[in-house]
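Per chain, numbering begins at 1; letters A, B, ... match sequence-line order.
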Amino acid sequence: MVTETVSDEARPSPAAQIREGRTGEGARIVRPYGDTTGDGMVQLSFTLPVPAGTEDDRARAEGAALQLARAMGLEAAMVVHTKAIPPSFAFFVVYGRVRHRVDMSRVTVRERDYPLLSVAEANLAVRSTLGRTIVLVGATVGTDAHTVGLDAILNVKGFAGEKGLEAYRAFRVVNLGAQVEAAALVARAEAERADAILVSQVVTQRDAHLQAVREVVAATRTAWPPGERPLLVAGGPRFDPAAVADLGVDRVFCKGTTPREVASYVVSALVARLQRTPS
Amino acid sequence: MVTETVSDEARPSPAAQIREGRTGEGARIVRPYGDTTGDGMVQLSFTLPVPAGTEDDRARAEGAALQLARAMGLEAAMVVHTKAIPPSFAFFVVYGRVRHRVDMSRVTVRERDYPLLSVAEANLAVRSTLGRTIVLVGATVGTDAHTVGLDAILNVKGFAGEKGLEAYRAFRVVNLGAQVEAAALVARAEAERADAILVSQVVTQRDAHLQAVREVVAATRTAWPPGERPLLVAGGPRFDPAAVADLGVDRVFCKGTTPREVASYVVSALVARLQRTPS
Amino acid sequence: MTASAKLNLDPGVARRARELAARAGAPVVALARTHTTVSVERAVLRLAGLTGADTDGMPWVNRLVDAVRDQVGLEHGVALPVWDALLIGDPGDLRTLAEKASAGAVRFRVPAAREDVTRAAAAARRAVGAGLARIDANRRARERLLERLGDPPPPWIYLIVATGDILEDIPQAQAAARAGADVVAVIRSTGQSLLDYVPEGATREGFAGTYATQENFRLMRAALDDVSRELGRYVRLTNYASGLCMPEIAALAGLEQLDMMLNDCMYGIIFRDINPRRTFIDQHFSRQIHARAGIVINTGEDNYLTTADAVEAAHTVVVSQLLNEYFGRAAGLADAQLGLGHAFEIDPAVPDSFRLEVAHAQLVRELFPAAPLKYMPPTRHMTGNIFAGYLLDAFFNLAGVLTGQGILLVGMMTEGIHTPFLSDRDLALENVRYVRTACRGLAEDFSPPPDGFVATRARQVLDEAVRLLETVAEEGLFAAIARGTFAGTSRAADGGKGLDGVVPRADGYRNPVTDLLEAGPEERW
Amino acid sequence: MTASAKLNLDPGVARRARELAARAGAPVVALARTHTTVSVERAVLRLAGLTGADTDGMPWVNRLVDAVRDQVGLEHGVALPVWDALLIGDPGDLRTLAEKASAGAVRFRVPAAREDVTRAAAAARRAVGAGLARIDANRRARERLLERLGDPPPPWIYLIVATGDILEDIPQAQAAARAGADVVAVIRSTGQSLLDYVPEGATREGFAGTYATQENFRLMRAALDDVSRELGRYVRLTNYASGLCMPEIAALAGLEQLDMMLNDCMYGIIFRDINPRRTFIDQHFSRQIHARAGIVINTGEDNYLTTADAVEAAHTVVVSQLLNEYFGRAAGLADAQLGLGHAFEIDPAVPDSFRLEVAHAQLVRELFPAAPLKYMPPTRHMTGNIFAGYLLDAFFNLAGVLTGQGILLVGMMTEGIHTPFLSDRDLALENVRYVRTACRGLAEDFSPPPDGFVATRARQVLDEAVRLLETVAEEGLFAAIARGTFAGTSRAADGGKGLDGVVPRADGYRNPVTDLLEAGPEERW
Ligand code: B12
Ligand code: B12
Ligand SMILES: Cc1ncc(COP(=O)(O)O)c(C=O)c1O
Ligand SMILES: Cc1ncc(COP(=O)(O)O)c(C=O)c1O
């Protein structure tokens, strides 16, 4: 048995005794943690379209599961659970250690590039720079009928204890609800002389959300000359914030967005536009 | 909307309409299945030693999680759940599609290389070829105290409806129980002139099971000249059946082993030995 | 499905609640009886056997109804003009007529002469009679099967498939059945409810669901027939008679032997912004069909709790159930066909949340003792934490078992993430199976004290429901809906989609389907 | 921790069960009072302050006791020879004496003259008195803290850490505490129970657990003190007074302010093949220490159900609990210190399994109304299906809440796979937290009918327990153990490890620790 004697002083804080970086604080390279620093343990589950009803099938299926685990970089992978789903599927739970290391210095986080404003600050900023009310037109477009997320941002009631955009004196909000066609949204935005268009998308199966947003982008292209279209903001629980450029919108908001973040962004972006284009 | 018309005959079995190989039957290349053939969806969970208590930390932590998911071959990975575990860990649940494909033709399953015998067949085979009782000495070695698995194989009561090895007339079983030292097991095996040594190992933390089995292997090396040591069988829920050579034992049995499998293997192997060494 | 009474409810309060619901509902039923809609008329043609679509995918029933409407209006119904045209024009079938009509080659009239009317009406009755006969045959086939194979004990396990591709749905539905599902529901694609036509054919590209088409119905019922045979038990099929084509889908469901249909009196209004009048007229007709087809309807009160708070709005669920019951009975549905919906949607962080859920579930159970209540799992508070989700679903299952619910829609641990994976469903079934096996009979040990937390809460919800019903009966249902009474969403009586499809019946309005349905199953053509 | 009676148990039957347990236990207590063991004697030296180990890692207490035993035997205890030697030899401390003795440089004698005896005994009493004073001070410190911070409501959340490395255990234990653990247990390395010495120092290489050492105790208690301060609630620490060094570990636990100790009268016999006599003697002494230290013991009946069937062997759990209660009281433990063990181990595939569990748990609750029962989660039927595992743990938590258990050992979804990961523990706590919050007060609604399934089953188990106790009282406990009564494992009275460490006390046997303990906490040195 290997033991390590730690000096017998009167109860020093054990935290002090934990080797620098043990728990990864400040560590640059980290690995998954099961119960020991650096053990690399991860849990996986998935289904393969292979039968597993008989003993032989099951063995083959587990071999297949291990092959996949290996391809994913797992070492000493264990198939801890195999469930045949008749007629020809099998569900697996796998544990193992991944070889991969995460380099924290390579993690790029999109920092918030606008200041977070209070309601009063936002109102003041708009009044003092734009000198008029900002018009926002929002909708859930396409066949998606979810409005709770859009309403959380727009309605007075708001979300997570913050008032929604309707509660800002600086905004006039036109909430078109759900299942609005892209063309109808853009037409309304034109009619209202909108400063920003807000699109919500919740259903993501078969990338429905991406498709719907792209339709709005396309519709704006025909409605406004390049550079003159209103600010275009998309939101919903499963957007990838990095997809902004790819989607052709100005900004994307994800799960857990609060109204204040949206308000702050819109105000900052519109003020910046104003300063860019001395109209 | 794209529709595909299927001919309007009187209720043919829809199974017939499913394209060949859709559900993967007979398919050579398969991918994980979420809800659509080939979608590649897998679920992952793991902990990273990084803080996630504040908004910024959380964003960094999720970035790290995505980096790992990418390294594992996930595309369009979504961190669907992040839980800060104070002070400086974060647990994640991730879904995504893996690029990897599983080539079923490359799955090698270790086929059972001995016939599965009934109790009567085993007894008969021993009597007719060896003409004497086989002596088996079994134990859980090292500091491991688990006996249920060993007893499941050895005790009359057995496992999964099959009688244990004690119930075979052809065997004399010496069950030493748990926490037996490797040297003591080998000494007893010598004293009993054992034909086979059965080692059980259930605790696997820090590879305790491998270490314990290796100790037995080492002890047999000093006790018997090469080629003369009894059959050496290891068993336990977390052995890798492929590790036989690496461990230096003759066979490894895993989770779900039944007594009959062990009896059949022992009989076949000993009969084969007899035929190899015309003593 | 009888429930032992544990809550000490005052029968007088329940009686009063039903009286108020009747007062609120009666004007709406009167409206439904004096109006028709484009979809009701199309349903007539569907029952008469008109199928298929033109090369644009627009169904012939739409073409023909539109043509009639353009020429003579729908105030008299589609039947008289159509069968009149068939009788006086070239002898031909409905399909030919539809093709010609949509090419502008048919002149319709509303027959005026008594004998023309009688002849056309009789022909129409004969034609739709064939459809009703098929519905009756399906109903008998189901009843015979159930007699032979028996019915599973409640709660029935209800599972959804939602791949968007009928050919993926099928193996998933079969897997679900093999794993223990008593009922399989095919979720619809997002867009369908606002389509004013029913797509044709087998479909493979829905979003978050598969189109409700006659062919998809047929394929899935056949697949479940196969698996029912394999398993020796009858696996029920569910779809949605909802949206702008509610009446037609109800008809298709009857024709293809579906067993349950989602069919709510207000869901389309609140969650799809469909015009309230349109919805109330359509739901009445579709329920008449369901009544005849022996289909159990599932109402949608659970949905309210996804936008309104499940504690604060608990009584709105009860109010809506009482209205659905009233409208259902008015359309001829038996109590055993009323799968009234409710849900386990209280924030799990709320102290005593489980006891509150049980109070609500037991209240509904005792208020509607003969209805096969449909209990919906947590959705709103399901997050990406699949373990927490699996846990919450287990307590939902427990509440279902403890309070004797009729139909348990099985919750998915991935509800907060994606439409169900094959494995999600399998795991969900293991969850229910454990709870049903381990806790069967536990209801025996569940006796909330008469003035304890559970009984008090249940009585409070019922009292609140009565108070709300008083207001609704007073102001009228349309006004109540406009005020945002349900799901915190307000809808104006003249707003929403599909109002232009509503037509007041003229004096000479004839609808061979309602004629036959209201005459009851005895009267044959 | 009082439980309202719901089972209609016959108090006469419970009384009879206790009488029988006393009859079976009395000869064993007599044995413990007339024998000592090497570990009891080493515990005396530890309480007198002898710490440290030689360069081989063998503790000085072992060296000294071995030297005494070699020269004069242990029949008179280690105290008289040792303090006699200290008084007559060079004035030196215990450590110097131990060093010299193990070098063969000390001659021991058993003092014979009354005044030599009195002098040595007094010196010994002073020495161990210091140890007991530290134990008393720790107890008071705990009591003061609890008075100030209050105790969490039962069931207390009990979590294990088991990395094998004290420096990994510490952050995990702190994380567990922050996440809501009321009690943290550090699991021991597999090998320790068969070591006839207690390792020294902080250890980092255990298998499936961390060595119980004084230094590890100190480090972990200090870490939990830190986190207790941070959280404003007292987090309890548990370890194992079990195996061949049970008495010494009990002493170390008292010295380092541990709060609970696993300490069973038969676990070592059955699951570690330790000699029965050795175990019974050691457990008696260790419980005397625990009594003084205000430590709550946890007994190990749960383990039986990992090898025997939880339905068939349910009554053996009750029999063992009654024996543990008898032995515990005989050693001076208060009922509030009896954390009697039991477990949720019925095969989940068994119909009504949950109701059976609840029947067992409620029975134990009502039989031992003043004991802080320790309820153990499912282990045996936990597989690699982590979702099923999470579910089963939830129902275990529910049974705990429903039947008012005192301590809930939180189950891990990965029980069938590995010792807990940090995240397993965090998820497990989320599970308990939901159940406690959602179902608090649900016990109010749980009223098994007097002749229903639950009450009938509970009475049946109690009756079976009485019948088994009759046999045990008749044949004697050693015979019963040899017959495989518990856990289906048979152990002979003279078999197993450690019998050579048992020594009958001679007439002049003196043990300053038991002297002081039996005099009670009032008497000071
Ligand atoms: C409530 C709900 C419903 C309600 C909607 C009521 C309503 N009026 O909105 C009802 C019951 C009607 C419903 C119906 C359906 N639903 Co639904 N529903 C949900 C549920 C339970 C919660 C969604 C929600 O309200 N979240 C709370 C809000 C506040 O969060 P959020 O939407 O993410 O919004 C936040 C951010 O994303 C962001 N945000 C969102 N929009 C915007 C816009 C802008 C401009 C900005 C800046 C930010 C922003 O800010 C918000 C606040 O932080 C989820 C499951 C779940 N637990 O998530 C399923 C879910 C979203 N539904 C789903 C589906 C499939 C449907 C149906 C399509 C099913 C069907 N075929 O019948 C139908 C809808 C049909 C249709 N045409 O769309 C799926 C989507 C699957 C997928 N990933 O593709 C989910 C995930 C359930 C599941 N697992 O199957 N649903
Ligand atoms: C029962 C049990 C116990 C009982 C054991 C009673 C006894 N007499 O055996 C008790 C309660 C005493 C116990 C104690 C401990 N246990 Co334990 N225990 C279990 C449990 C619940 C079930 C194991 C079991 O009996 N399985 C049933 C048998 C039939 O299956 P099996 O062992 O896999 O055997 C089969 C095959 O593997 C094979 N096989 C096995 N041996 C052999 C041998 C041969 C020759 C052959 C051919 C085949 C074969 O055939 C068998 C039949 O199919 C598991 C958790 C779980 N659900 O798996 C934890 C578990 C095994 N225990 C564990 C631990 C850590 C311990 C302790 C070390 C904890 C501690 N520090 O105090 C202590 C033991 C101390 C010690 N010195 O070892 C861990 C091991 C973790 C790991 N992977 O390293 C587990 C997984 C629990 C956990 N998640 O932490 N345990
Ligand atoms: C009663 C009811 N109708 C219909 C639907 C389906 O919506 P859609 O009509 O948009 O397909 C639901 C969805 O949950 C429902 O609850
Ligand atoms: C009562 C009791 N003592 C001791 C132990 C620990 O075993 P060991 O003494 O081998 O560390 C356990 C394990 O669960 C137990 O339940």
Winner by heavy-atom pair count (cut-off under 4.5 Å) against chain B, out of A/V94, A/D103, A/V93, A/D35: A/D103
Spacing of CZ belonging to A/F91 relative to CD1 belonging to A/I85, to within rounding of 0.5 Å: 7.5 Å
Distance-only, no hydrogens or angles: does the A/D144 side chain make a donor-acceptor pair with backbone N or O of A/Q201 under 3.5 Å? no
Among residues 212-219 of chain B, which ones touch chain A with a heavy-atom distance under 4.5 Å? none
Separation between CG of A/D246 and CG of A/D240, rounded to the nearest 0.5 Å: 9.0 Å
Point-to-point distance, once rounded to the nearest 0.5 Å, from OG of B/S200 to NE2 of B/H209: 11.5 Å
Basic-acidic side-chain contact under 4.0 Å: B/D39, B/R31: no
Tell me, side chain or backbone of A/E62 under 4.5 Å from chain B's heavy atoms, or both, or neither? neither
Comparing A/G256, A/G34, A/A64 against chain B, the one with the most heavy-atom pairs below 4.5 Å turns out to be A/A64
Residues forming a salt bridge (charged side-chain N to carboxylate O under 4.0 Å, His left out) with A/E75, sequence neighbours excluded: A/R99
If I measure from the heavy atoms of chain B, does A/L74 come under 4.5 Å with its side chain, its backbone, both, or neither? side chain
Rounded to the nearest 0.5 Å, how far apart are OG1 of B/T143 and CD of B/Q179? 6.5 Å
Heavy atoms from other residues, nucleotides or ligands near CD of A/E261 exceed 12 (cutoff 6.0 Å): yes
Counting the benzene-type ring for Trp, do A/F239 and A/F253 have ring centres under 6.0 Å apart? no
Using a cut-off of under 4.5 Å on heavy-atom pairs, state which of A/V98, A/V109, A/V102 scores highest against chain B. A/V102
Residue part contacting chain B, namely of A/M78, when any heavy atom lies under 4.5 Å: side chain
Largest heavy-atom contact set with chain B, pairs under 4.5 Å, which of A/G63, A/G40, A/A71, A/G73: A/A71
Can you tell which of A/A59, A/A76, A/A65, A/P32 has the highest number of heavy-atom pairs within less than 4.5 Å of chain B? A/P32
Only pairs of heavy atoms separated by less than 4.5 Å count here; which of A/R238, A/E55, A/K255 has the most with chain B? A/R238
Nearest heavy-atom contact between A/P259 and A/I153 is CB-O, 3.9 Å
